S.K.: 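The structure that follows is given in the form of structure tokens.
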Amino acid sequence: MAEMISIVVPCLNEQEVLRETNRRLLAVLEQLPLKFEIVYVDDGSSDATPDILREFQALDERIRVVRFSRNFGHQLAITAGLEHASGDAVAILDADLQDPPEVLADFVAKWMDGFDVVYGVRAEREGETAFKRGTAKLFYRLMGKLSDTEIPVDTGDFRLMSRQVVDALLAMPERDRFVRGMVSWLGFSQAAIPYRREARAAGVTKFSLFKMMRFATDGVVSFSTLPLRLATWVGFAASGIAILGILITVIERLLGVEGLVKGWASLLVAILFLGGVQLICMGIIGEYVGRIYGESKRRPLYVVRERMGFQARCAATEMTGRARATAAGKR
Ligand code: UDP
Ligand code: MG
């Protein structure tokens, strides 16, 4: 039997582009010497996205749909897609055609050459604001410095993974899922394919500045404890300065000279500065503690409202995300 590839497509309110996406994706997949399935994950859309997906599914049995009970976020939509995919290789693709489906052919070729992970590198980015490109660039450079895991710069979740990698990934039970980092952490043989990231075909970005900042924080906190150490260093530096200040004051007193710094303004500035530093450090610690709390609740990663096109495999996929991931880990 020919091998099968699954394509995972997370969708949030993508009614404007979905038809074009499905058309282009099918055109590409039909050229490949593989069987295929497309797993659309509707991440709690409030527009016509679920209806369009239902329509796709009714027309083509190679299309499967997972519908979330509400919006759980891009990374969890990807995770659900991976859990529901049954291919020998699984690729992830954004619904907005920023990741050109045509590049999948290159991914598959590399996979057939024996690579376990083939990821796209954004050689060019079209139609995104200078701010988004700038912050993204900065973020990937910063991550490189902060994290022990080497995460390739300028990559997204547009990638193909072998079955072995997907199973290993799903056995990682964490809630804060920074998928591109987790795949790097796994290792295996990885190949990069440069591609031109197109402008969004239609619709608007679903990532507000706030969501993007959250995502960046997730990335840093999931893959580095350096911020915690930073807090310690800042503490040491502040203590060092304070000790110096005390020494100078005592010596001045003993020698009976006029103090270098006079008045309450300097005192206030020092207090405010230290107060600020302390709050920031507590905030950093809070980020980590909050995540520990989130993990300790052990809630499922996401809740499915409806599955379409999984008839034969319903029993296997009826479990919650967490249960499935644990089961994969025990194998
Ligand atoms: N997306 C999602 N859930 C979210 C946000 C986005 O499933 O909470 C999907 C969205 O439909 C798209 C992909 O994730 O297919 C990438 O989102 P988007 O294009 O809005 O982000 P950008 O490319 O602007 O970073
Ligand atoms: Mg996009």
Side-chain angles (χ1 to χ4, degrees), residues 7-25 38-53 56 63-85 90-101 103-104 119-140 153-159 175-180 195-219 301-306 321:
I7 314 293
V8 168
V9 189
C11 317
L12 171 65
N13 298 335
E14 300 288 6
Q15 62 181 11
E16 293 92 351
V17 305
L18 265 181
R19 287 178 200 284
E20 178 65 8
T21 306
N22 196 51
R23 195 189 58 73
R24 259 174 74 184
L25 198 48
I38 306 176
V39 181
Y40 287 102
V41 181
D42 167 37
D43 188 9
S45 300
S46 51
D47 66 356
T49 298
D51 306 324
I52 298 174
L53 293 179
F56 289 169
I63 292 176
R64 316 189 199 292
V65 180
V66 180
R67 246 184 109 189
F68 280 180
S69 60
R70 63 168 170 87
N71 180 251
F72 280 90
H74 183 214
Q75 299 291 300
L76 290 179
I78 289 176
T79 304
L82 294 175
E83 283 184 345
H84 285 81
V90 185
I92 303 167
L93 180 99
D94 279 355
D96 59 2
L97 291 174
Q98 281 197 284
D99 310 326
V103 180
L104 286 175
Y119 56 87
V121 177
R122 301 157 177 177
E124 288 172 60
R125 296 178 79 136
E126 289 287 315
E128 287 179 308
T129 59
F131 176 75
K132 177 136 188 172
R133 272 180 288 143
T135 47
K137 201 165 171 167
L138 190 74
F139 171 70
Y140 287 109
V153 294
D154 302 330
T155 59
D157 293 310
F158 183 34
R159 56 185 62 222
R175 310 186 58 75
D176 289 305
R177 301 184 84 79
F178 187 65
V179 173
R180 57 199 75 166
Y195 74 103
R196 224 177 85 111
R197 189 156 166 88
E198 308 278 341
R200 211 174 215 289
V204 292
T205 176
K206 306 302 177 309
F207 272 87
S208 58
L209 181 62
F210 179 72
K211 253 191 181 173
M212 239 161 67
M213 276 165 50
R214 255 200 79 107
F215 181 57
T217 317
D218 273 349
L301 295 177
Y302 56 84
V303 178
V304 172
R305 167 177 184 172
E306 191 180 2

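None of the values given here were measured: they were computed from a predicted structure. Residues: numbered from 1 along the sequence shown. Just follow the structure's listing: the first ligand is 1, and inside any ligand the first atom is 1.
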S.K.: Should the proximity of L12 to ligand 1, defined as any heavy atom under 4.0 Å, be assigned to the side chain, the backbone, both, or neither?
M.R.: both
S.K.: Who's the nearest protein heavy-atom neighbour of atom 9 (C) of ligand 1, and how far?
M.R.: P10 O, 3.7 Å
S.K.: Assess whether atom CZ of R133 is packed by more than 12 heavy atoms of other residues, nucleotides or ligands within 6.0 Å.
M.R.: yes
S.K.: Do R70's NZ or CZ and the ring of F72 fall within the cation-pi criteria of under 6.0 Å and 45°?
M.R.: yes
S.K.: Of the protein's non-hydrogen atoms, which lies at the shortest distance from atom 20 (O) of ligand 1, and what is that distance?
M.R.: K206 N, 2.5 Å
S.K.: Flag the pair F207 / H74 as yes when their ring centroid distance falls below 6.0 Å, and as no otherwise.
M.R.: yes
S.K.: What do we get for Q75 next to ligand 1 when only non-hydrogen atoms under 4.0 Å count, side chain, backbone, both or neither?
M.R.: neither
S.K.: Classify the ring geometry of F56 against Y40: parallel below 30°, tilted from 30° to 60°, perpendicular beyond 60°.
M.R.: tilted
S.K.: For atom NZ of K211, decide whether the heavy atoms of other residues, nucleotides or ligands shown that lie under 6.0 angstrom number more than 12.
M.R.: yes
S.K.: Closer than 4.0 Å to some heavy atom of K132 - which atoms of ligand 1 meet that?
M.R.: 22 (P), 24 (O), 25 (O)
S.K.: Taking 4.0 angstrom as the limit and counting only heavy atoms of C11, give me the atoms of ligand 1 inside it, by number and element.
M.R.: 7 (O), 11 (O)
S.K.: Sort out for me which residue in E16, E14, E20 forms a side-chain contact (heavy atoms from CB on, under 4.5 Å) with L18.
M.R.: E14
S.K.: Below 4.0 Å, non-hydrogen atoms only: which portion of Q98 touches ligand 1? Side chain, backbone, both or neither.
M.R.: side chain
S.K.: What atoms of ligand 1 come closer than 4.0 angstrom to any heavy atom of G73?
M.R.: 3 (N), 8 (O)
S.K.: Give, for atom CZ of R180 and atom OH of Y119, the distance between the pair rounded to the nearest 0.5 Å.
M.R.: 13.0 Å
S.K.: Which is closest to atom 16 (C) of ligand 1 in terms of heavy atoms, I78, D94, D99?
M.R.: D94
S.K.: Of all the atoms in ligand 1, which lie at a distance below 4.0 Å from a heavy atom belonging to R200?
M.R.: 18 (P), 19 (O), 20 (O)
S.K.: What residue and heavy atom of the protein are closest to atom 19 (O) of ligand 1, and at what distance?
M.R.: D96 OD2, 2.5 Å
S.K.: Which bit of V9 is near ligand 1, meaning a heavy atom under 4.0 Å away: side chain, backbone, both or neither?
M.R.: neither
S.K.: Can you list the atoms of ligand 1 that are under 4.0 Å from a heavy atom of N71?
M.R.: 3 (N), 4 (C), 8 (O)
S.K.: For ligand 1, which atoms sit closer than 4.0 Å to a heavy atom of K211?
M.R.: 4 (C), 5 (C), 8 (O)
S.K.: Of all N/O/S atoms in D96, which lies nearest to the Mg ion (ligand 2)?
M.R.: OD2
S.K.: Taking 4.0 angstrom as the limit and counting only heavy atoms of R197, give me the atoms of ligand 1 inside it, by number and element.
M.R.: 23 (O)
S.K.: If you measure from atom 3 (N) of ligand 1 to every heavy atom of T129, D43, V17, which option wins on shortest distance?
M.R.: D43
S.K.: Measure the acute angle between the ring planes of H84 and Y302, then classify it against the limits of 30° and 60° as parallel, tilted or perpendicular.
M.R.: tilted
S.K.: Please state which part of E14 comes within less than 4.0 Å of ligand 1, counting heavy atoms only: side chain, backbone, both or neither.
M.R.: side chain
S.K.: Can you name the atoms of ligand 1, numbered from 1 with element, that are less than 4.0 Å from a heavy atom of A95?
M.R.: 15 (O)
S.K.: What protein heavy atom sits nearest atom 21 (O) of ligand 1, and how far off is it?
M.R.: F207 CD1, 3.3 Å
